[in-house]
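Let me begin by presenting the structure, written as structure tokens, before commenting on it.
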Amino acid sequence: MLLADKVALVTGSSRGIGRAIALELAHHGAKVVINYSHSAQKAEEVVAQIQAEGKGDALALQADVADPAQVEKLFTQTIAQWGRLDVLVNNAGITRDGLTIRMKDDDWRSVLDLNLSGVFWCCRQASKIMLKQRAGRIVNISSVSGVMGNAGQINYSAAKAGVLGLTKSLARELAPRGITVNAVTPGFIATEMTHDLKLEPILAMVPLGRLGAPEEVAGLVRFLVADPAAAFITGQVLGIDGGLIM
Ligand code: NAP
């Protein structure tokens with residue numbers, strides 16, 4: 001129970017990778033805020049699953065992470081409920097794919113607003129709390145697209161690459177107080193986000209020849225935020241992609 005008495009906030013944890021991360025952290029004893037934008041019922045199901053297991057605890061909180069005022073309220077509610085914040089996982093993300101010459105202004109803005117600015121709004125709130133506590137761990141979920149680029153994802157890869165720069169700058173700012181900040185770059189993981197993709201050309205690019213599972217990403221995040229051995233890892237970009245990038 002490495003996370004007993006620890007409080008974690010996982011953005012976008014009603015479904016997919018965020019849900020798997022929330023379940024994994026609660027399994028190790030954490031009290032977890034299940035943040036979502038629209039899927040209230042799915043978020044409550046995650047809460048119920050965690051409470052049924054009886055190791056950690058959970059609370060569902062609605063907030064659009066792209067909106068700084070809603071993010072401020074999300075952190076205020078978290079502190080009101082549990083009085084501290086030990087772990088932040090910035091996971092909420094969307095895709096609005098399209099080739100550059102056809103990309104609509106809204107598709108550019110909405111992806112940058114959530115996938116990059118949303119990470120900043122949350123990191124700013126968490127930093128204030130963690131600096132006072134002189135402890136904390138932050139993990140930002142980026143993507144292989146932020147490292148290698150992807151045709152048809154200029155908005156998404158720009159945001160995810162931005163998250164890597166943000167991670168390294170914040171890691172330097174928070175290191176003097178022992179707070180670690182790292183980024184994880186998943187490859188193709190089996191969630192609703194990748195549900196409609198044609199599998200054959202994707203699997204041909206992945207040396208391990210399969211999609212990743214959300215639980216595999218969750219295991220890496222749990223190591224970074226819970227394991228004492230991860231205390232000396234900061235400012236790093238950790239790939240989990242079946243060998244797609246090497
Ligand atoms: P997903 O299945 O589509 O789930 C997205 C989650 O984000 C949902 O819980 C959703 O909540 C939440 N969300 C969406 N907009 C939000 C907003 N404005 N405010 C707060 N929460 C919001 O996605 P996923 O595949 O699990 O991806 C999770 C993260 O991993 C993303 O950052 C994604 O870019 C990254 N990633 C995924 C893959 C992959 O292959 N799946 C690969 C690399 C990186 P609602 O249910 O309320 O909509």
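Counting starts at 1 for both ligands and their atoms, following the listed order. Below, all heavy atoms of this structure are taken into account, side chains as well, without hydrogens, waters or symmetry copies.
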Quiz item: So does Lys31 have more than 12 non-hydrogen atoms from other groups sitting under 6.0 Å from NZ?
Solution: yes
Quiz item: Does Val46 share a hydrophobic cluster with Ile189, counting links as ILVMFWY side-chain heavy atoms below 4.5 Å and allowing steps through other members?
Solution: yes
Exercise. Please identify which atoms of ligand 1 are closer than 4.0 Å to at least one heavy atom of Gly16.
Key: 2 (O), 26 (O)
Quiz prompt | Which of the ligand 1 atoms, numbered from 1, are nearer than 4.0 Å to a heavy atom of Ser143 | solution = 43 (C), 44 (C)
Self-check item: Within reach of ligand 1, part of Thr194 (heavy-atom separation under 4.0 Å)
Solution: side chain
Practice problem: With heavy atoms only and a cut-off of under 4.0 Å, state how Ala63 meets ligand 1: side chain, backbone, both or neither. | Solution: backbone
Quiz item: Which is it for Leu114 and ligand 1 at heavy atoms under 4.0 Å: side chain, backbone, both or neither?
Solution: side chain
Quiz item: Closest non-hydrogen protein atom to atom 40 (O) of ligand 1, residue and atom name please, with distance?
Solution: Ile189 N, 2.8 Å
Exercise. Pick, from Phe188, Tyr156, Tyr36, the option with the minimum heavy-atom distance to atom 34 (O) of ligand 1.
Key: Tyr156
Quiz item: If you measure every N/O of Ile17 against every N/O of ligand 1, is any gap under 3.5 Å?
Solution: yes
Exercise. Please say whether more than 12 non-hydrogen atoms of neighbouring residues, nucleotides or ligands are located less than 6.0 Å from CD in Gln81.
Key: yes
Quiz item: Looking only at heavy atoms of Gly212, does any of them come nearer than 4.0 Å to an atom of ligand 1?
Solution: no
Self-check item: Atoms of ligand 1, numbered as shown, that sit under 4.0 Å from any heavy atom of Gly93
Solution: 5 (C), 7 (O), 31 (C), 32 (O)
Quiz item: So how far is it from Gln153 CD to Thr95 OG1, rounded to the nearest 0.5 Å?
Solution: 6.5 Å
Quiz item: Where is the nearest protein heavy atom to atom 43 (C) of ligand 1: which residue, which atom, and how far?
Solution: Pro186 O, 3.3 Å
Self-check item: Protein contact of atom 11 (O) of ligand 1 - nearest heavy atom, named by residue and atom, plus distance
Solution: Ser14 OG, 3.3 Å
Quiz item: Can you tell me how far CG of Leu85 sits from CG of Leu9, rounded to the nearest 0.5 angstrom?
Solution: 6.0 Å
Self-check item: Among Gly12, Ala66, Gly18, closest by any non-hydrogen atom to atom 7 (O) of ligand 1
Solution: Gly12
Practice problem: Rounded to the nearest 0.5 Å, what's the gap from CD1 on Ile17 to CE on Met193? Could you check? | Solution: 7.5 Å
Quiz item: Among Gly118, Gly187, Ala92, which one has a heavy atom closest to atom 38 (C) of ligand 1?
Solution: Gly187
Practice problem: Please indicate whether Asp5 has more than 12 foreign heavy atoms, meaning atoms of other residues, nucleotides or ligands, lying under 6.0 Å from its CG. | Solution: no
Exercise. Please work out which of Asn91, Thr95, Val144, Thr185 has its closest non-hydrogen atom nearest to atom 31 (C) of ligand 1.
Key: Asn91
Practice problem: Run the numbers for me: atoms of ligand 1, each under 4.0 Å from some heavy atom of Asp64, listed by number. | Solution: 17 (C), 18 (N), 19 (N)
Quiz item: Mind checking whether Arg15 has a heavy atom under 4.0 Å from ligand 1?
Solution: yes
Quiz item: Looking at Arg19 and Glu24, does any basic side-chain N land under 4.0 Å from a carboxylate oxygen?
Solution: no
Quiz item: Should Leu174 and Val221 be counted in the same cluster of Ile, Leu, Val, Met, Phe, Trp and Tyr side chains packed under 4.5 Å apart?
Solution: no
Practice problem: Could you find the nearest protein heavy atom to atom 47 (O) of ligand 1 and give me its residue, atom name and distance? | Solution: His38 N, 2.6 Å
Quiz item: Any Lys/Arg nitrogen of Lys128 or Glu173 sitting under 4.0 Å from an Asp/Glu carboxylate oxygen of the other?
Solution: no
Quiz item: Nearest protein heavy atom to atom 23 (O) of ligand 1, by residue and atom, and its distance?
Solution: Met193 CE, 3.8 Å
Quiz item: Among Cys122, Ser142, Ser110, Ser37, which one has a heavy atom closest to atom 16 (C) of ligand 1?
Solution: Ser37
Quiz item: Which ligand 1 atoms does Asn35 reach within 4.0 Å, using its non-hydrogen atoms?
Solution: 20 (C), 21 (N)
Self-check item: Residues, nucleotides or ligands: over 12 heavy atoms within 6.0 Å of Leu23 CG
Solution: yes
Exercise. Could you verify whether a donor N or O on one side chain and an acceptor N or O on the other, from Gln236 and Asn182, lie under 3.5 Å apart?
Key: no
Quiz prompt | Straight-line distance of Ile202 CD1 to Leu211 CG, nearest 0.5 Å | solution = 6.5 Å
Self-check item: Val184 backbone acceptor or donor facing Ser142 side chain under 3.5 Å
Solution: no
Exercise. Could you tell me the residue and atom name of the protein heavy atom closest to atom 19 (N) of ligand 1, and the distance to it rounded to 0.1 Å?
Key: Val65 N, 3.0 Å
Quiz item: From Ile141 CD1 over to Thr167 OG1, what is the distance, rounded to the nearest 0.5 angstrom?
Solution: 10.0 Å
Quiz prompt | ligand 1 contact by Thr11, heavy-atom criterion under 4.0 angstrom | solution = no
Practice problem: Using a 4.0 Å heavy-atom cut-off, say whether Ala43 meets ligand 1 through its side chain, its backbone, both or neither. | Solution: neither
Self-check item: Atom pair CE (Met205) and CG (Leu244), whose distance is rounded to the nearest 0.5 Å
Solution: 5.5 Å
Exercise. Run the contact test for Arg19 against ligand 1 with a 4.0 Å cut-off on heavy atoms, strictly below, and give the result.
Key: no
Exercise. Go through ligand 1 atom by atom and flag the ones less than 4.0 Å from a non-hydrogen atom of Ser39.
Key: 45 (P), 46 (O), 47 (O), 48 (O)
Exercise. Specify the protein heavy atom at minimum distance from atom 30 (O) of ligand 1: its residue, its atom name, and the distance to 0.1 Å.
Key: Ile141 CG2, 3.4 Å
Self-check item: Identity of the nearest option to atom 25 (O) of ligand 1, non-hydrogen atoms only, from Val217, Asn140, Thr191, Val111
Solution: Thr191
Exercise. Could you tell me whether a side-chain N or O of Asn115 sits under 3.5 Å from a main-chain N or O of Lys160, the two making a donor and an acceptor?
Key: no
Quiz prompt | Per-atom contacts, ligand 1 versus Ser13 - under 4.0 Å to a heavy atom | solution = 9 (O)
Quiz prompt | Proximity of Lys160 to ligand 1 by residue part, where a heavy atom lies under 4.0 Å | solution = side chain
